[in-house]
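So that the names make sense, note that chain A is the first sequence line, chain B the second, and so on, each numbered from 1. What's counted below: heavy atoms across the whole structure, side chains too, no hydrogens, waters or symmetry copies. Fair warning: this is a prediction, and the values are worked out from it, not measured in the lab.
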2 protein chains.
Amino acid sequence: MTDETLTPTALSRPKRKHRRGSHRRSDIHAILDASPLCHVGYLVAGRPVVTPTLQWREGDHVYWHGSSASRTLRTSTNTEVCLTVSLLDGYVLARSGMNHSANYRSVMLFGRAREVVDPERKAARLRAFVEGLWPGRWDALRPMTEQELKATTVLSMPIEEGAAKVRSGPPADDEEDYAWPVWCGVVPIRQAYGQAEPDPRQLPGLAVPEYVEAMSDDP
Amino acid sequence: MTDETLTPTALSRPKRKHRRGSHRRSDIHAILDASPLCHVGYLVAGRPVVTPTLQWREGDHVYWHGSSASRTLRTSTNTEVCLTVSLLDGYVLARSGMNHSANYRSVMLFGRAREVVDPERKAARLRAFVEGLWPGRWDALRPMTEQELKATTVLSMPIEEGAAKVRSGPPADDEEDYAWPVWCGVVPIRQAYGQAEPDPRQLPGLAVPEYVEAMSDDP
């Protein structure tokens with residue numbers, strides 16, 4: 001059983017717009033689960049580097065992975081990282097430039113990234129990643145080899161320090177601006193999945209799996 | 001007239017998957033122009049922080065902005081930052097877990113963020129930001145006040161060090177795996193704009209502007 005809220009820290013407590021912030025675990029988890037795409041920040045020779053990658057969550061840990069040969073993975077193991085997930089939900093068009101904004105959901109997590117070393121645990125994490133996106137796919141794949149497992153690094157970070165931030169709803173204009181005659185509102189943005197494109201080298205007679213069909217929101 | 005390609009550096013030259021990388025200015029600009037959402041990495045008390053924000057490009061500079069009171073803006077001025085833009089274009093489902101991938105376009109830029117101090121230049125940059133998203137909107141807004149301009153910080157970075165990275169197309173499986181009987185292909189992902197939602201406090205009789213109509217791809 002984990003705490004329901006994370007303890008705010010200097011990094012995780014924004015000075016302004018605090019009303020938009022949350023340290024509730026359920027808020028943080030919901031945003032992590034809504035978008036595999038994340039951006040990991042770490043230091044290379046003292047300079048900040050931000051790498052996009054895919055994350056997944058199991059319980060109160062977040063995971064990401066890559067080639068064991070990659071600089072990103074090697075450099076960000078056992079050091080401080082910041083993992084940020086953000087979803088742009090809409091443009092907010094207000095009556096003044098100043099009050100234009102964006103609707104979004106974001107999570108920033110801080111901590112030390114640690115490598116999942118034990119091969120069985122590592123394999124279980126990779127399986128959970130694939131199954132989380134496409135339930136039932138892992139067992140249909142050509143089985144993972146020992147060499148592939150070695151060539152893959154899985155990093156893990158406890159969800160301990162961080163916060164969620166959310167903005168939603170219509171523009172918040174200065175009271176005296178509401179009489180200004182310009183169209184205002186929200187242009188909603190969402191991630192849309194298109195019709196699956198079968199591999200041209202696909203064996204004949206293989207149906208599109210249900211988990212792929214279910215993703216597409218094209219008519 | 002700017003160079004056609006950026007000079008590769010230790011940070012901007014990835015060790016692997018080099019085939020996916022590009023230092024061509026036109027490739028970098030196209031990706032920056034395709035997505036305002038970016039993630040800026042910088043240091044707070046020696047720890048990396050990754051903040052989502054919106055960027056825009058003018059010529060060979062990239063800009064972002066925020067409240068002059070915000071920690072992000074204050075901490076990332078005149079220091080090294082990494083600005084990353086990434087678009088997730090699809091999930092690539094292969095025959096082995098190892099060869100699963102994502103189609104994406106990304107740009108990583110490195111450099112020092114500098115404040116645009118001159119009020120006229122700063123106002124021009126903010127105007128360009130709004131006009132870039134919604135052509136014709138700036139002049140329809142309640143004009144920006146001097147106080148609002150002061151309360152806004154605009155940061156700028158020359159596009160000098162960095163690279164684009166792109167993955168596209170079907171899965172790239174190990175040759176001996178092509179006989180494996182599992183559905184493979186790409187699930188395309190795109191950003192979709194919904195029907196605009198007028199502000200409930202909207203003055204009556206204001207039509208949805210063309211630049212908002214043009215964004216929506218709902219029928």
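- Contact annotation: the side chain of B/Val187 never approaches that of A/Glu213 to less than 4.5 Å [non-hydrogen atoms, C-beta and beyond].
- In A/Glu120, the CD atom is not crowded: 12 or fewer heavy atoms of neighbouring residues, nucleotides or ligands sit closer than 6.0 Å.
- For the atom pair OH (A/Tyr91) and CG (B/Leu54), the distance works out to 6.0 Å, reported to the nearest 0.5 Å.
- Using a 3.5 Å distance cut-off with no hydrogens or angles, the side chains of B/His39 and A/Ser86 do pair a donor with an acceptor.
- Within a 6.0 Å sphere centred on CD of A/Glu58, other residues, nucleotides and ligands contribute more than 12 heavy atoms.
- Within the 4.5 Å cutoff, the side chain of A/Glu197 has heavy atoms near those of the B/Pro188 side chain.
- Crowding of B/Glu146 atom CD: a count of heavy atoms from other residues, nucleotides or ligands under 6.0 Å not exceeding 12.
- In terms of heavy-atom pairs under 4.5 angstrom with chain A, the leader among B/Val49, B/Leu37, B/Val44, B/Leu88 is B/Val49.
- With a 4.5 angstrom heavy-atom cutoff, B/Val81 touches chain A only via backbone atoms.
- Checking each of B/Asp199, B/Leu141, B/Val212 against A/Leu93 for a side chain to side chain contact (heavy atoms under 4.5 Å, CB included) leaves exactly one that passes, namely B/Val212.
- A/His100 places a side-chain heavy atom less than 4.5 Å from the side chain of B/Arg137.
- Each of B/Pro200, B/Pro171, B/Gly97 has some count of heavy-atom pairs under 4.5 Å with chain A, and the biggest count is that of B/Pro171.
- Side-chain contact between B/Ser106 and A/Pro52 is present, with at least one heavy-atom pair separated by less than 4.5 Å.
- Side-chain contact between B/Cys82 and A/Tyr42: absent, with no pair of heavy atoms (C-beta onward) separated by less than 4.5 Å.
- For a residue to count as touching a neighbouring chain, one of its non-hydrogen atoms must lie under 4.5 Å from one of that chain's; by this rule B/Val92 does not touch chain A.
- Of the atoms belonging to B/Ala45, not a single heavy atom falls under 4.5 Å from chain A.
- B/Tyr178 OH to A/Gln202 CD: the interatomic distance, rounded to the nearest 0.5 Å, is 11.0 Å.
- Atom CD in A/Glu80 sits 11.0 Å away from atom CG in B/Leu43 (nearest 0.5 Å).
- Looking at B/Asp173 and A/Arg142, no side-chain N of the basic residue comes within less than 4.0 Å of a carboxylate O on the acidic one, giving no salt bridge.
- Under the 4.5 Å side-chain criterion, counting only non-hydrogen atoms from C-beta, A/Leu11 is in contact with B/Arg47.
- Interatomic distance, OH of A/Tyr193 versus CD1 of B/Ile189, reported as 5.0 Å (0.5 Å rounding).
- Both the backbone and the side chain of B/Thr51 come within contact range of chain A, judged by heavy atoms closer than 4.5 Å.
- Looking at B/Met144, there are no atoms closer than 4.5 Å to chain A (heavy atoms on both sides), in backbone or side chain.
- In this structure, the portion of A/Pro170 lying under 4.5 Å from any heavy atom of chain B is its side chain and not its backbone.
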